[in-house]
Amino acid sequence: MHLRRFAIVFLILAGCGTSPDVHYRNGRLLQKQGKLTEAMREAEAGLRAEPSWRFRILKADILLARSDINAAKALLASPQLPPDSESLARLRMALGYAEYLTSNYSGAEQLLQQASQTAKPLGLPLLDATIENRVGLVEVQQGRMDAAEQTFRHVIEVGAAQHDPYLASTAEHNLGFLFENAFRFEDAIYWFEKASAMFHELGNMNSYYVALGNLGTCYLRLGDLDQGLADLQQAADHARQVPDRFSEQLWIGNSGSVLYDRGDLPRAAEKFKQALDIAQSHDKNEKNLSGWWYYSLASVSIDLGKFDEAEAYNKEALSRRQAIGNHSDFYPRVNEAHIAAGRKDPQAEALYRGLVAEYREGMNPVPMLEAQAGLAGLLAAKGEWEHADAQFRATLTYLESQRAALARADNRMTYLAKLIRFYDRYINFLVDRGQPERALEVAESSRARVLDERLESKPAHALVQAARMRELARSSHSVFLS
């Protein structure tokens, strides 16, 4: 009799299935643990049982963690708002993070502020801190580095007080990300190692390998190529297994960028080709990163004097960057001028001058530095010594006038590499002109300037800001966590 009753109860429970509340709790926990596939299964099962806002937002958060921004936005698009305050706060937080990932920082800040205002009366400290963590990322983007550091440290405290090691470790990682982009690599390594150890202990292997990839970039920047490349390779291998094609190409391409800055052109080209293949296999219509890898391959070919090959790569880069808009085609257009100069094409000077004349406030100043320096080098190659010297001096004036913009962290990595190359060109020019004293003066000036730019940001120095999701991946060689 008792067995029969047990069987009947079992059948009733089996028929009822898992409750939506359990699906939701499981989904949120799995998302924190970085188990996105399992988390998505819980979110979709919950949606089938209860087609509510909370499951739509959960699914969107998972999509954002996978960098599937368009799908997340489409899922959240609705003229009707959630009826409860917690879901409304989470909706605004998700939408704000989506804007952040698409580089709309002012829009992201506004939505996150709304999310915070909605969440505050609820008395949910972990929700408040999760929103605050994303606010910290926006603060980094906007150059408010002191505020961002305070934000991340506060999130760490809240995570510890609320016994949420996942949130605390994520904020520790983002503190490392902040220091990396401020060129404080030793500080960054401390926080990345601290976060990665906890991620490993918690079994959040996706976040662990993100931290490992960022550690690799720090080691590369400090000159430890063996350790840096080994860490980046491990991160790329894990991303391939997950699979996370976006992160895989990122780690491989980032190692190529550092190798390029260090003059190891053959190995850099190999990495850029691998990253490009992955980008195209993931999404043949993707234009942002694939355009950057094409541009990077064109740059390698220019440095090797392979101008036909450079032109072919650069055309691909140009078509993709022009499709994006927002002046992101400036990099490959500068390469067009470099290719023309390398071929001794009479149009090269006009191309450089056209780029210089086109520059407007608010545009990325780093490729403009390349255009100015390229024009000076071209004039020197043509034997127009006085004009070349005047152009080099004009570029120095430009550097000073654009200092704050050039020092932004979304420009900073590429800026320092271009800055060093510019000073090398100018010093060689002065030596060739028989002006060793001036060459020594410029050499000392360049050492002081590069050292100054590498120092942590203080009131007397330029502001340091962090990067857009895709642009940051490209130029700062690092990844944040939300």
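Remember, it's a predicted structure, so these values are computed and weren't measured experimentally.
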From CA spacing to verdict: side-chain contact (heavy atoms from CB on, under 4.5 Å), L30, R41: CA-CA 10 Å; L30 289 164; R41 279 200 294 265; over 6 Å; no
CA sep, side-chain torsions, deciding dist, call: V210, F199, side-chain contact (heavy atoms from CB on, under 4.5 Å): CA-CA 10 Å; V210 168; F199 288 142; over 6 Å; no
E186 and L222: CA distance, side-chain angles, deciding distance, side-chain contact (heavy atoms from CB on, under 4.5 Å) verdict: CA-CA 9 Å; E186 290 84 358; L222 289 171; 3.7 Å; yes
Criterion side-chain contact (heavy atoms from CB on, under 4.5 Å) on S87 and I57, from CA distance to verdict: CA-CA 8 Å; S87 293; I57 296 166; 4.2 Å; yes
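The one candidate from D237, I252, L220, L215 that meets the side chain to side chain contact (heavy atoms under 4.5 Å, CB included) condition with L232 is L220. Of the candidates T151, N174, L175, L175 is the only one forming a side chain to side chain contact (heavy atoms under 4.5 Å, CB included) with I156. Looking at R90, R92, E86 one by one, the single match for side-chain hydrogen bond (donor to acceptor under 3.5 Å, both in side chains) with T118 turns out to be R92.
Within the 4.5 Å cutoff, the side chain of S116 has no heavy atoms near those of the V135 side chain. When side chains are defined from C-beta on, S78 counts as touching W53, because their heavy atoms get closer than 4.5 Å. Looking at heavy atoms from C-beta onward, S290 lies in side-chain contact with L276 at the 4.5 angstrom threshold. With contacts defined as side-chain heavy-atom distances shorter than 4.5 Å, the pair L229/R267 qualifies. Using a 4.5 Å heavy-atom threshold, the side chains of V300 and Y313 count as separate. For the pair I189 and Y219, the minimum side-chain heavy-atom distance is below 4.5 Å. Counting heavy atoms from C-beta outward, Y260 and D303 have side chains that approach closer than 4.5 Å. Proximity of L212 to S196: side-chain heavy atoms (C-beta onward) are nowhere separated by under 4.5 Å.
In summary, E99 and K73 engage in a salt bridge, as defined by a charged side-chain N under 4.0 Å from a carboxylate O. Residues R245 and E248 are paired through a salt bridge, judged by an N-O separation under 4.0 Å between the basic side chain and the carboxylate. For E316 and R320, the salt-bridge test passes: some basic side-chain N is under 4.0 Å from an acidic carboxylate O.
Listed here is the closest heavy atom pair of E180 and F185: O-CE2, 3.7 Å. Contact record, A279 with Q249: CB-OE1, 3.2 Å, taken as the closest heavy-atom pair.
Atom-to-atom distance recorded for K32:NZ and L167:CG is 6.5 Å, nearest 0.5 angstrom. Residue F152 holds its CZ atom at 10.5 Å from NE2 of H173, rounded to the nearest 0.5 Å. The line from CG of L29 to CD of Q31 is 10.0 Å long, rounded to the nearest 0.5 Å. One distance of note links CG of L127 with CD of Q162; it measures 11.5 Å at 0.5 Å rounding. In this structure, the separation between CG on D164 and CG on L126 is 5.0 Å, given to the nearest 0.5 Å. Interatomic distance, S299 OG to N314 CG, rounded to the nearest 0.5 Å: 7.5 Å.
Between H200 and Y208, the ring-plane angle classifies as perpendicular under the 30° and 60° cut-offs. Using a 30° and 60° split on the angle between ring planes, Y295 and W292 fall in the tilted class, from 30° to 60°. Under the 30°/60° scheme for interplanar angles, the aromatic rings of F272 and W293 are found to lie parallel.
R54 forms a cation-pi arrangement with Y24, by the criterion of a distance under 6.0 Å to the ring centre and an angle within 45° of the ring axis.
Checking side-chain atoms of D187 against main-chain N and O of F179 turns up no donor-acceptor pair under 3.5 Å.
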